[in-house]
Amino acid sequence: MTNSLFETAKPILETLQAHHYQAYFVGGSVRDYLMNKPIHDIDITTSATPDEIEAIFDKTIPIGREHGTINVVYNGEQYEVTTFRAEGDYVDHRRPNEVFFVRNLYEDVKRRDFTMNAIAMDINYQTFDYFEGQKDIKQHIIRTVGNPDARFGEDALRIVRGLRFQSQFGFQLEEATFNAMLHHIRDIKYLSIERIVVELEKLTLGNYVEKSFNNLKLFMTFKYIPFFKHFDLSKFSLTKAMSFTMFIAFLISQQREVNSNITDLELSNNDKKYIKKLVQLIELIDKIHTKKQLKLFVYDYGKKDILEVLSFLDVLELNQITSISPLILNYESVNEVAKQLPISSRSDMDINGKDILEVTNTTSGPWLKTILREVECAIISGEVCNFKPELKKWVKTRV
Ligand code: ATP
Ligand code: MG
């Protein structure tokens with residue numbers, strides 16, 4: 001069966017072949033295609049060197065020239081084209097000290113991490129599977145290409161990647177692969193946190209995350225990762241796929257006493273902000289006992305994030321993170337309250353700081369912030385109508 005993504009990229013391989021170079025699809029897209037899963041980005045591997053790739057195609061971007069990766073822009077899309085390469089000795093368990101461009105596919109797939117990721121496929125969907133990757137896929141096995149001890153010793157990220165694939169596909173770790181993971185787990189302390197997080201972000205979203213998370217715990221992986229090393233992960237059970245940010249928020253909420261620094265994870269500012277918000281939201285959950293409290297809660301944190309957290313109620317309870325008053329706080333009540341909120345943000349208020357100063361005939365000060373919040377709460381609870389004359393009257397009686 002053909003696949004539209006491979007079909008669209010086909011001309012790139014054909015062009016390379018027309019210039020007498022070899023070219024194949026390789027990596028995650030071939031693996032996912034053979035597993036009948038939707039494929040996303042396509043990787044192309046070729047015997048052409050970066051210079052030769054650039055000479056053939058009009059539009060290229062040298063995104064990783066020294067590693068042999070050139071992006072070819074074709075029909076407005078970018079395709080990653082990488083020269084067949086072999087790797088020199090590894091230093092520090094994370095990066096080869098040099099890479100060599102080679103002209104032979106076998107050398108290229110030999111350096112890849114797992115057998116299922118080392119399958120090349122040509123434009124006719126014929127596979128070149130030197131390490132029985134398809135057999136392993138059929139048998140649901142994750143196995144390194146070559147000696148697992150050597151492969152994890154070279155690059156410890158492969159351990160985290162292996163667990164990430166287990167979470168995504170539910171496969172078993174082949175015995176020697178499993179043992180070598182256990183043996184080399186300490187080496188992940190040499191990895192940059194960014195590379196680890198990229199894999200963990202995919203791991204927590206996997207359908208088989210529970211299985212993989214149990215192995216992460218078994219290997220004591222978190223002991224060797226910044227930020228996580230401060231937490232007691234044995235207390236945490238991850239039984240359901242969730243975003244990495246949600247997982248972090250749950251962990252912080254479960255172990256509030258832990259002195260950790262989220263900046264150690266090198267996340268984006270948006271992610272950090274979101275985690276902080278989730279932690280505050282989770283902290284309030286067991287304090288919502290009345291409809292009035294619920295209204296303010298929904299107003300302050302928004303229906304979307306509250307419902308997202310509520311969808312993990314079982315995980316929250318299992319990990320003893322919080323408890324809930326189910327009659328007050330539930331999917332329906334949040335939806336209902338959200339629909340009836342008189343305003344959705346402060347900018348909807350029919351009164352502002354200037355109005356308040358006018359009414360009270362005073363000068364600005366920190367109290368203004370307090371009274372604005374009081375007005376906001378009164379509008380949300382329905383105590384006062386969001387209508388300027390009413391609001392002014394209400395403020396007068398307060399100050
Ligand atoms: P995804 O579908 O999530 O992108 P992927 O297998 O394509 O998964 P990538 O990080 O995109 O993962 O890597 C592309 C390919 O490069 C892999 O399939 C594998 O063949 C090879 N590869 C990636 N990282 C490593 C590594 N640390 N060691 C050896 N080979 C690797
Ligand atoms: Mg990929």
Side-chain angles (χ1 to χ4, degrees), residues 3 5-6 9 24-46 63-64 67-69 71 78-97 99-100 102 105-121 127-134 136-137 142-169 171 177 180-181 184 187-188 190-192 194-209 212 241 244:
N3 173 287
L5 278 183
F6 289 134
Y24 303 90
F25 299 115
V26 74
S29 57
V30 174
R31 176 198 66 223
D32 293 346
Y33 168 76
L34 294 171
M35 287 169 65
N36 289 319
K37 292 193 187 295
I39 65 172
H40 34 106
D41 41 34
I42 278 179
D43 292 317
I44 297 165
T45 186
T46 179
I63 55 155
H67 306 113
T69 304
N71 272 14
Q78 289 193 31
Y79 296 89
E80 226 177 271
V81 181
T82 306
T83 307
F84 290 162
R85 62 176 215 222
E87 291 169 350
D89 291 338
Y90 274 74
V91 279
D92 293 348
H93 312 276
R94 49 180 171 173
R95 288 269 190 243
N97 56 2
V99 300
F100 311 98
V102 292
L105 173 66
Y106 176 79
E107 285 301 317
D108 180 87
V109 287
K110 201 175 96 178
R111 59 141 181 117
R112 294 177 182 271
D113 49 6
F114 298 100
T115 58
M116 60 181 175
N117 291 339
I119 310 167
M121 190 173 83
T127 53
F128 298 79
D129 182 8
Y130 296 102
F131 303 99
E132 302 194 307
Q134 292 174 96
D136 285 338
I137 289 174
I142 297 170
R143 183 198 311 270
T144 54
V145 171
N147 178 299
D149 258 311
R151 304 313 308 286
F152 294 138
E154 289 166 358
D155 179 2
L157 187 73
R158 292 172 187 153
I159 302 174
V160 189
R161 283 174 57 84
L163 293 169
R164 183 262 272 199
F165 294 122
Q166 174 164 63
S167 176
Q168 290 178 318
F169 308 131
F171 290 6
T177 299
M181 282 181 165
H184 284 281
D187 298 342
I188 65 172
Y190 300 113
L191 303 172
S192 77
E194 290 91 340
R195 286 179 87 206
I196 298 177
V197 166
V198 166
E199 298 300 332
L200 290 181
E201 282 175 340
K202 295 182 181 178
L203 188 151
T204 63
L205 283 171
N207 284 334
Y208 304 88
V209 63
S212 147
F244 184 64

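Counting starts at 1 for both ligands and their atoms, following the listed order. For the numbers below, each heavy atom of this structure counts, side chains included, while hydrogens, waters and symmetry mates do not. Numbers here are sequence positions counted from 1.
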Residue set satisfying side-chain contact (heavy atoms from CB on, under 4.5 Å) with E199, at least two apart, ordered chain then number -> L157, V160, R161, R164

Check whether more than 12 heavy atoms from other residues, nucleotides or ligands sit under 6.0 Å from atom CD of Q134, and answer yes or no.
yes

- prompt: Once the angle between the rings of F171 and F169 is folded into 0 to 90°, is it parallel (under 30°), tilted (30 to 60°) or perpendicular (over 60°)?
  reply: tilted

On a heavy-atom basis, the closest approach of T144 and T115 is O-CG2, 3.8 Å

For ligand 1, protein residues within the heavy-atom limit of under 4.0 Å are G27, G28, R31, D32, H40, D43, R111, R112, D113, N117, D155, R158, R161, R164, F165, K202

_Short side-chain donor-acceptor distance under 3.5 Å, T82 and T69_ = yes

Per side-chain contact (heavy atoms from CB on, under 4.5 Å), Y106 is matched among F128, F131, F84 by F131

